[in-house]
Number of protein chains: 2
Amino acid sequence: MLELRLVQGNLLKKVLEAMKDLVTDANFDCSVTGFSLQAMDSSHVALVALLLRSEGFEHYRCDRNITMGMNLNNVSKLLKCAGNDDIITIKADDGGDTVTFMFENPKQDKISDFEMKLMDLDSEHLGIPDAEYHATVRMPSLEFSRICKDLSSIGDTVVISVTKEGIKFSTRGDIGNANIVCRQNTTVDKPEQATVIQMNEAVSLTFALRYLNSFTKATSLSETVTISLSSELPLVVEYKIADMGYIKFYLAPKIEDDE
Amino acid sequence: MLELRLVQGNLLKKVLEAMKDLVTDANFDCSVTGFSLQAMDSSHVALVALLLRSEGFEHYRCDRNITMGMNLNNVSKLLKCAGNDDIITIKADDGGDTVTFMFENPKQDKISDFEMKLMDLDSEHLGIPDAEYHATVRMPSLEFSRICKDLSSIGDTVVISVTKEGIKFSTRGDIGNANIVCRQNTTVDKPEQATVIQMNEAVSLTFALRYLNSFTKATSLSETVTISLSSELPLVVEYKIADMGYIKFYLAPKIEDDE
DNA sequence: TCAGCGGTAG
DNA sequence: CTACCGCTGA
């Protein structure tokens, strides 16, 4: 028996909006720890990892570990039927092949429930090593999103370089080259507006902008984003989910074969 | 001679927006009582009935009953030329074959008039029996609209059931089943937000969501909608038009041929 | 990628 | 009430 009650239902709505373009089908895993998901995108280049810790739910009951395969597009459709300030409850029976999403509006006079068939999916649990990164940058998520969008109008790939000076995003395309540098900046009104560079070793890697733009769909989940880089390791783009966990996107660097 | 002056011209604009997707051509009937219309949709499944009582007009002159056939799409196009707070005057000569719409802006420095040829249409005046309904539900029109829209992302038809508990909307589709229950709720700040159930007998009927979604185009005419159901009778969805009358939509239930 | 609708701001 | 911007759906 599984029963998870999430007061801030719109978190779940946003999470699905953030994932559904990248991943079509995925297994959600429930344990006493929390509600989580790990999935690769269809081209097996990027990976999403979601964690919503049990403590973040108003009520969390998970009698035994359970894996629920769902089509994220369908889940997203269902969640579109939830109001932005609805309370969402997820229910499933052990051994059952369906999951039920229940939405209660704040006035408590409208209750919707949606039952969806589960899918049987191969789980591809990739042990993600908890690596030490050469560089980690925290910056306003909206700024990162804007940069990725802007650069993708010039080129397809971006070189992200971190030095003590700051983080530099460079691209080149038919119409020219572009470089955007964000310097460390901690003298701001609100800590969320800060750009903080933590660097052990300078690093410079190339990524496909297409995926980064997909990742930034999560922007509304958090005012800040954390970008971690190491040579030879996938980039990590992490959005914290208030009091509950995170959504992390991993993306393998491109091997630069020209020049 | 016909001359109707409507100060709140945007009512007429909204009325036409609400009808034009459902009905292509229709006869408008004028009598001393008021300005009315009854028409079936092109597939003869739904019916619209409009009434704007003469008292709602600033000036209402109708020397003799007159029937004016119009293409609602064309009328709607003309009305798009009226400003939202223009005063609209409708004029026609007895025995003439044209109608004139005149728009005056609030500052009274711009006057437009549009003359349109009338059409000769068979009138299909369906005596709508003033039935006693098994159940009548009044609820916020926006909520009804939202429910119909949400459910149509899951399925094509909706089962509407009324019990003492409330009104339930159910659908099923490829991705799963959905149920939305609205409980009676009169403890709200504004009476327009209340959901009021009046039931003599429990009732459960099936309708095509496509039509309901068409009806909800009238949502902006009124904050509340009244839904009346009886087994074997068409559903009625009524939007009151402030101080003037109503627009009512009738829809025959689907006969459930499976199970 | 483009168009239409809804929401927000002036 | 109008105009602009952003988001969603086709």
Side-chain angles (χ1 to χ4, degrees), chain A residues 10-22 24 71-86 140-156 173-175 208-223 239, chain B residues 6-18 20-22 73 76-77 79-88 103-110 112 140-156 173-175 209-210 212-223 242:
Chain A
N10 77 8
L11 285 186
L12 199 62
K13 285 165 70 87
K14 288 179 184 175
V15 161
L16 264 113
E17 282 309 300
M19 300 192 301
K20 76 165 206 279
D21 290 336
L22 207 58
T24 51
N71 175 291
L72 298 195
N73 245 306
N74 290 344
V75 178
S76 160
K77 264 191 201 164
L78 293 192
L79 292 175
K80 288 238 174 72
C81 303
N84 257 329
D85 35 28
D86 280 6
S141 59
L142 204 62
E143 187 163 354
F144 177 64
S145 158
R146 178 68 198 267
I147 290 168
C148 294
K149 189 167 131 280
D150 285 352
L151 291 185
S152 60
S153 72
I154 315 278
D156 298 328
D174 296 341
I175 69 169
L209 279 163
R210 196 191 130 208
Y211 291 99
L212 297 182
N213 275 312
S214 221
F215 301 168
T216 60
K217 294 265 156 64
T219 299
S220 64
L221 280 166
S222 171
E223 289 193 39
Y239 297 86
Chain B
L6 178 63
V7 175
Q8 220 180 328
N10 78 8
L11 285 185
L12 199 62
K13 285 164 69 87
K14 287 180 184 173
V15 161
L16 265 112
E17 282 309 299
K20 74 168 207 283
D21 290 337
L22 208 57
N73 244 306
S76 160
K77 272 189 198 161
L79 292 174
K80 289 240 173 72
C81 303
N84 256 328
D85 34 28
D86 280 7
I87 296 169
I88 298 182
F103 311 142
E104 300 165 66
N105 74 347
K107 279 158 54 195
Q108 300 274 303
D109 59 359
K110 176 178 157 197
S112 331
S141 59
L142 204 63
E143 187 163 352
F144 177 64
S145 158
R146 175 73 197 262
I147 289 168
C148 293
K149 188 169 132 279
D150 282 351
L151 290 185
S152 58
S153 76
I154 314 279
D156 298 327
D174 295 340
I175 72 170
L209 280 164
R210 197 193 129 207
L212 297 182
N213 275 313
S214 217
F215 300 169
T216 60
K217 294 266 158 62
T219 299
S220 64
L221 280 166
S222 170
E223 288 193 39

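All chains are named by letter (A, B, ...) in the order of the sequence lines, taking the proteins before the strands, and each is independently numbered beginning at 1.
Partners of D174(B) under the salt bridge (charged side-chain N to carboxylate O under 4.0 Å, His left out) rule, at least two apart in sequence or in another chain, do not exist in this structure. In terms of the ring-ring contact (aromatic ring centres under 6.0 Å, His included) criterion, residue partners of F103(B) (sequence neighbours excluded) are, by chain and number, F114(B). Evaluation of the side chain to side chain contact (heavy atoms under 4.5 Å, CB included) rule for E223(A) yields K190(A), E192(A) as partners, not counting sequence neighbours. With sequence neighbours excluded, the residues that form a salt bridge (charged side-chain N to carboxylate O under 4.0 Å, His left out) with K217(A) are D21(A). With sequence neighbours excluded, no residue forms a salt bridge (charged side-chain N to carboxylate O under 4.0 Å, His left out) with D86(B). With sequence neighbours left out, the ring-ring contact (aromatic ring centres under 6.0 Å, His included) criterion links F215(A) to F249(A). Residues that satisfy the salt bridge (charged side-chain N to carboxylate O under 4.0 Å, His left out) test with R210(B), not counting sequence neighbours, are absent from this structure.
Contact of the D85(B) side chain with the N10(B) side chain is not registered, since no non-hydrogen atoms from C-beta on lie closer than 4.5 Å.
Put simply, CD on Q8(B) is 9 Å from P on dC1(D), counting in whole angstrom units.
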| task | Starting at the 5' end of nucleotides 1-10 of chain C, put B wherever the base has a protein heavy atom under 4.0 Å, S where only the sugar-phosphate does, and a dash everywhere else. | result | ----------
| How does protein reach along nucleotides 2-10 of chain D, written 5' to 3' as B (base within reach of a heavy atom under 4.0 Å), S (only sugar-phosphate), or - (no contact)? | S------S-
